[in-house]
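Have a look at the structure below before the remarks.
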Amino acid sequence: MLARTTDPIVAIATAAGRGAVGIVRVSGARLVPLIDAICGRSLRPREATYLPFRDAAGGAIDQGLAIHFPAPHSYTGEDVLELQAHGGSVVLQLLLARCLEAAAEKDAISGRPRLPGLRVAEPGEFSQRAFLNGKIDLAQAEAIADLIDASTEAAARSAGRSLSGAFSQEIHTLRDALIHLRMLVEATLDFPEEEIDFLQKADAQGQLVSLQAQLDAVQQRARQGALLREGIKVVIAGQPNAGKSSLLNALAGAELAIVSPIPGTTRDVVSQTIQIHGVPLHVVDTAGLRESADLVEQIGVARAWSQIEGADAVLFLHDLTRVDRTDYAQADAEILRLLSEKLPVGVPVLDIWSKQDAAAAAAASDTGVTLSARTGFGIEALRLRLLEIAGWQAVPDGVYLARARHVEALSRAAEHLSLAGEHLAARAQSLDLLAEELRLAQNALNEITGEFGADDLLGVIFSRFCIGK
């Protein structure tokens, strides 16, 4: 892939299908000959020009806007040409083919192809070029895809903050503070004979504590951002006719699952993504858990357990109209036992006491949620509990969309800083280990923005310390 990053590339930049406007984008070096061939004239930089797009015979394929972004002032950092035509799929395919054709045609003066090597871009390659050419970092590149895929308004706004560089700036601030701390440690290691204690004079302990506090704040916002992007999977489980399908319909606000008094109506998985305060929750309705001689129902129950085992949270429904029956209570207890065996440690199980409107008894437990899917009683309380289970904290102005890998990298950085604190307390006996833990913490932060290049520590040392004196 790296060997091909110098090839000029072209692609249709708008979604497939019909639309008012469609865009064909070209990126590479020295696009002027291609511009002349397709547009029939030169273009002023970054100025939209209305003109016909010409075929090989000089006829018009379509009329639209052409914009030339000379390097480095473009999205990819290379020369970029955008052809904005009518959004029919045939028109855009003709323009794409014309770009490839014109690139291969030989220039009348030089006798060489106008744009040798032009090829159709691979998925994400324009953004990859932007990253490789330093126009965006890795976190911003991922934010582009996250903004396109955002399923909620909150996720879109958070992705926009990441794309603007808010998340990256936080990481850069942490990294700069970490580099300064590493500088002090390296200076102490390199000049042990000096009377000056660099670490004590610069309050390295205070700097490390402050750095850990900053990292903790970034971690919290990143976890919230990851939640906005990924959401959590919530599986509704329970015996047949406990009200599982009714609860799914109530949460979704639509009749998605068939509701019937006949036990075993739901035999397959029914899922729906809902939004609660902008947080996506993937809610799954499953078949009633019981032993059955019906082969189809057995398959449904097996699929239910499969969904339960992959859940982030389980809503265990208890039918308040039947909880006083011994056989029903025993079946619930058996399901609870199986849940404790099959679920990974830490996956919460929330007791839901359903059919409140039809039950004579009050809630059977103070720890769960009592509700009625028919009347809506308790549904809002359940929504709030689901947000609590998900770990959502309302900090809308500071959240940026993050991925699981970002959260994991921040956690590793925090672990290395914690170990660094232990070594710093030991001072002279562990300075080498302290330096290594700080280096590993910086590497973890660099993974987020994609800055895996040369270590910039020496530059900081030489610029801030008079080494030659």
Side-chain angles (χ1 to χ4, degrees), residues 151 230-274 280-345 347-359 364 368-376 378-379 382 386 389:
S151 59
E230 306 289 347
I232 65 168
K233 178 180 178 181
V234 179
V235 176
I236 305 174
Q239 295 187 55
N241 261 18
K244 300 183 298 298
S245 298
S246 297
L247 178 56
L248 172 65
N249 292 343
L251 288 171
E255 296 297 317
L256 301 176
I258 297 174
V259 176
S260 166
I262 302 173
T265 300
T266 301
R267 298 193 173 196
D268 207 346
V269 174
V270 181
S271 61
Q272 178 69 18
T273 297
I274 65 173
L281 299 181
H282 313 293
V283 184
V284 182
D285 179 26
T286 59
L289 302 176
R290 67 174 179 180
E291 294 184 1
S292 174
D294 187 312
L295 179 60
V296 177
E297 189 173 358
Q298 289 176 14
I299 295 173
V301 171
R303 290 184 178 181
W305 281 115
S306 177
Q307 292 293 323
I308 289 169
E309 290 170 7
D312 297 308
V314 175
L315 303 183
F316 184 17
L317 262 66
H318 309 274
D319 184 351
L320 281 175
T321 65
R322 293 184 284 168
V323 290
D324 292 335
R325 287 170 35 184
T326 302
D327 59 337
Y328 188 85
Q330 290 175 343
D332 265 5
E334 176 62 15
I335 293 173
L336 186 59
R337 184 188 68 80
L338 292 173
L339 285 173
S340 65
E341 291 181 358
K342 294 177 178 290
L343 283 175
V345 175
V347 175
V349 177
L350 179 62
D351 289 312
I352 304 296
W353 307 94
S354 65
K355 304 184 182 179
Q356 173 269 345
D357 58 308
V369 175
T370 302
L371 55 79
S372 168
R374 177 179 297 175
T375 66
I379 295 297
L382 175 58
L386 287 173
I389 288 172

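What you see below is based on every heavy atom in this structure, not just the backbone, and it leaves out hydrogens, waters and symmetry mates.
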Worksheet entry | Nearest atoms (heavy-atom pairs only) where Ala237 meets Leu289 | CB-CD1, 4.2 Å
Discussion item. Can you tell me how far apart CD (Gln356) and OG1 (Thr370) are? Round to the nearest 0.5 Å.
Written reply: 7.5 Å
Fill in: Side-chain donor-acceptor contact under 3.5 Å, Glu297 with Ser292
yes
Worksheet item: Would you say the side chain of Val284 lies within less than 4.5 Å of the side chain of Val234, judging by non-hydrogen atoms?
Response: no
Discussion item. Strictly distance-based, threshold 3.5 Å: is any side-chain N or O of Asp312 a donor or acceptor partner for the main-chain N or O of Lys233?
Written reply: yes
Practice prompt. Hey, could you give me the CH2/CG distance between Trp353 and Leu317, rounded to the nearest 0.5 Å?
Written response: 10.0 Å
Fill in: Atom pair CG/OG of Leu248 and Ser271 - distance to nearest 0.5 Å
8.5 Å
Fill in: Exercise: do Asp319 and Thr321 side chains pair donor with acceptor under 3.5 Å
yes
Practice prompt. Give the intermediate values and the outcome of side chain to side chain contact (heavy atoms under 4.5 Å, CB included) for residues Ile308 and Leu343.
Written response: CA-CA 7 Å; Ile308 289 169; Leu343 283 175; 3.8 Å; yes
Worksheet item: Got more than 12 heavy atoms from elsewhere within 6.0 Å of CZ, Arg322?
Response: yes
Worksheet entry | Spacing of CG belonging to Asp332 relative to CZ belonging to Arg337, to within rounding of 0.5 Å | 13.5 Å
Worksheet, complete the sentence: In short, Ala250 meets Ile379 closest at the heavy-atom pair CB-CD1, 4.0 Å
Item to complete: Apply side chain to side chain contact (heavy atoms under 4.5 Å, CB included) to Gln272 and Val283, showing your working.
Response: CA-CA 5 Å; Gln272 178 69 18; Val283 184; 5.5 Å; no
Practice prompt. Identify the heavy atoms of Ala242 and Ser354 that sit nearest to each other, and give their distance.
Written response: O-OG, 2.6 Å
Discussion item. For the backbone of Gly243 and the side chain of Ser246, can you confirm whether one donor and one acceptor N or O come within less than 3.5 Å of each other?
Written reply: no
Practice prompt. Grab the two heavy atoms, one from Gly378 and one from Val369, that are nearest each other, plus how far apart they are.
Written response: O-CG1, 3.8 Å
Discussion item. So does Gly238 get a backbone contact from the side chain of His318, meaning a donor-acceptor N/O pair under 3.5 Å?
Written reply: no
Worksheet item: Between Thr286 and Ala304, what is the shortest heavy-atom contact and its length?
Response: CB-CB, 3.5 Å
Item to complete: Assess whether side chain to side chain contact (heavy atoms under 4.5 Å, CB included) is satisfied between Phe316 and Leu350, documenting all intermediate values.
Response: CA-CA 6 Å; Phe316 184 17; Leu350 179 62; over 6 Å; no
Worksheet entry | Distance in Å, Leu281 CG paired with Thr273 OG1, rounded so as to fall on 0.5 Å steps | 8.5 Å
Practice prompt. Mark yes or no for whether Lys244, through its side chain, and Gln239, through its backbone, hold a donor-acceptor pair below 3.5 Å.
Written response: yes
Worksheet item: Between Gln298 and Leu295, is a side chain to side chain contact (heavy atoms under 4.5 Å, CB included) present by the stated rule, with each step listed?
Response: CA-CA 5 Å; Gln298 289 176 14; Leu295 179 60; 4.0 Å; yes
Response to the item:
Between the CG atom in Leu386 and the CG atom in Leu382, the distance rounded to the nearest 0.5 Å is 4.5 Å
Worksheet item: Shortest non-hydrogen contact from Asn241 to Lys355?
Response: O-NZ, 2.6 Å
Discussion item. Just checking Glu341: does its CD atom have more than 12 heavy atoms from other residues, nucleotides or ligands closer to it than 6.0 angstrom?
Written reply: yes
